[in-house]
Amino acid sequence: MDRNSGFSNYLIKAASTNQEFAKRVGGIREVDVQNALSLLVYSLASGVFLGFIMSFITALPSYGWLLIVMFLEPKNFKSESPKSFYIALILYSIAKYLFYPPRSIKAVATVSFPYNLMIIPVVTVILAFVFTKMYFKGKLPSSFAAFTFLWVIDSLITNVFYSPFMIK
């Protein structure tokens with residue numbers, strides 16, 4: 001037999017022309033659907049969890065700045081000051097632009113919009129900023145609370161784009 005015909009690539013465990021046997025092993029069984037759904041749920045949950053962890057790591061410089069403002073209270077920056085929030089936002093935007101997307105998602109680089117790797121980090125931060133301004137109606141209760149709200153919104157939006165590609 002010719003080894004290039006493809007028959008040597010597969011291990012055949014059973015073969016039959018019996019109609020009852022073919023009916024039992026053919027088609028999609030309930031257990032196949034359950035296995036596929038459990039794998040899908042596990043993959044998406046893992047991707048979302050990893051996405052939040054990676055997003056939090058990106059936000060660490062901003063939280064460091066906000067903690068300095070909260071505990072040391074520099075003259076021009078108070079915890080309620082919008083200046084400290086905007087500085088935290090700038091730090092977060094720079095860190096996100098530099099560190100996103102994760103290396104595991106670089107394969108998406110060949111796909112056009114909406115998976116343009118240079119646009120997504122910028123767009124998600126802008127959308128999160130707009131939602132934060134709308135939610136707080138322009139008045140920030142504290143920079144830490146406003147930035148945390150912004151980070152959560154940004155992480156959710158970012159996960160919509162990236163989490164399907166985090167776990168393969």
Name the atoms and distances for all side-chain donor-acceptor pairs under 3.5 Å in residues 54-61, with sequence neighbours left out.
{"residue": "Ser55", "atom": "OG", "partner": "Tyr92", "partner atom": "OH", "Å": "3.3"}
{"residue": "Ser55", "atom": "OG", "partner": "Trp151", "partner atom": "NE1", "Å": "2.9"}
{"residue": "Ser55", "atom": "OG", "partner": "Ser155", "partner atom": "OG", "Å": "2.7"}
{"residue": "Thr58", "atom": "OG1", "partner": "Met54", "partner atom": "O", "Å": "2.8"}

Practice prompt. Please say which of Tyr135, Phe129, Phe136 ends up in a side-chain contact (heavy atoms from CB on, under 4.5 Å) with Lys133.
Written response: Phe129
Worksheet item: Is it the case that one hydrophobic cluster holds both Tyr63 and Ile68, taking links as side-chain heavy atoms less than 4.5 Å apart, direct or via other members?
Response: no
Worksheet item: How long is the gap from CG on Asn159 to CZ on Phe49, to the nearest 0.5 Å?
Response: 11.5 Å
Fill in: For the student: nearest non-hydrogen atoms of Asp154 and Val125, plus distance
OD1-N, 3.3 Å
Worksheet item: Say you draw a straight line from CG of Leu91 to CD1 of Ile87; how long is it, rounded to the nearest 0.5 Å?
Response: 7.5 Å
Fill in: Same apolar cluster (I L V M F W Y, side chains within < 4.5 Å links), Leu127/Leu89
yes
Fill in: Under the side-chain contact (heavy atoms from CB on, under 4.5 Å) test, residues paired with Val33 that sit two or more places apart
Ile28, Leu37
Worksheet item: Between Ser38 and Asn35, what is the shortest heavy-atom contact and its length?
Response: OG-O, 3.0 Å
Worksheet item: What's the spacing between Phe131 CZ and Phe149 CZ if we round to 0.5 Å?
Response: 9.0 Å
Item to complete: Drop me the distance from Ser143's OG to Met70's CE, to the nearest 0.5 angstrom.
Response: 10.0 Å
Worksheet, complete the sentence: On a heavy-atom basis, the closest approach of Ala88 and Ser62 is O-OG, 2.7 Å
Worksheet item: Can you get from Leu39 to Val31 by hopping between Ile, Leu, Val, Met, Phe, Trp and Tyr side chains that sit under 4.5 Å apart?
Response: no
Worksheet entry | Heavy-atom closest contact (Ser84 atom, Leu66 atom, distance) | O-CD2, 3.9 Å
Discussion item. What's the separation between atom CD1 in Ile153 and atom OG1 in Thr124, rounded to the nearest 0.5 Å?
Written reply: 11.5 Å
Worksheet item: Mind checking whether Met134 and Ile157 sit in one hydrophobic cluster, side chains of I, L, V, M, F, W, Y counted as touching below 4.5 Å?
Response: yes
Worksheet item: Any idea which heavy atoms bring Leu150 and Ala128 closest together, and the distance?
Response: O-CB, 3.6 Å
Worksheet, complete the sentence: CZ (Phe147) and OG1 (Thr132) are apart, to the nearest 0.5 Å, by 9.5 Å
